[in-house]
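One structure is given here, and the rest of the page talks about it.
Quick caveat, the model's predicted, so the values are computed rather than measured. Below, all heavy atoms of this structure are taken into account, side chains as well, without hydrogens, waters or symmetry copies. One-based numbering along the sequence shown.
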Amino acid sequence: MTRRYRTAADGDFSRPGDSDTLCPLIHAPVRASAHGRWNGRRIDGERTHGNACELRAATGDVFALEG
């Protein structure tokens, strides 16, 4: 993730998403949460999405973790 990309989101986990993504209507809920600091202020975010595709469409690469 580039610095410009992170700065454009301004600490809002829902801003970097891609609204043009088409996701299948498969019900497989995914919960994502993130906690930390952005420019000195505390950031807490938690949302549940219908499936992993919807999560990625809403948040971009913020929660794209391998493991």
Side-chain angles (χ1 to χ4, degrees):
M1 185 180 325
T2 67
R3 180 175 171 78
R4 187 186 81 207
Y5 180 80
R6 291 183 306 223
T7 303
D10 194 33
D12 183 350
F13 299 114
S14 63
R15 287 182 68 188
D18 179 4
S19 61
D20 294 331
T21 301
L22 297 175
C23 294
L25 297 175
I26 298 172
H27 184 69
V30 175
R31 174 181 248 162
S33 63
H35 310 280
R37 294 200 167 278
W38 177 258
N39 288 334
R41 70 176 195 242
R42 178 93 177 137
I43 300 293
D44 294 299
E46 183 173 313
R47 294 193 65 178
T48 301
H49 298 272
N51 57 47
C53 179
E54 290 177 8
L55 169 68
R56 183 156 182 129
T59 63
D61 290 331
V62 172
F63 295 103
L65 304 175
E66 292 183 26

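For residues 21-54, the set of pairs meeting the disulfide (SG to SG under 2.5 Å) definition, not counting sequence neighbours, comprises Cys23-Cys53. The stretch residues 24-35 participates, sequence neighbours left out, in these salt bridge (Lys or Arg N to Asp or Glu O under 4.0 Å) pairs: Arg31-Glu46.
With sequence neighbours left out, the salt bridge (charged side-chain N to carboxylate O under 4.0 Å, His left out) criterion links Arg37 to no other residue.
Ile26 CD1 to Glu54 CD: the interatomic distance, rounded to the nearest 0.5 Å, is 10.0 Å.
Although no hydrogens or angles enter the test, the distance criterion places a donor-acceptor pair under 3.5 Å between the side chain of Asn51 and the main chain of Pro24.
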Q.
Using side chain to side chain contact (heavy atoms under 4.5 Å, CB included), reason through His35 and Arg42 one step at a time and then give a plain yes or no.
A. CA-CA 8 Å; His35 310 280; Arg42 178 93 177 137; 3.7 Å; yes
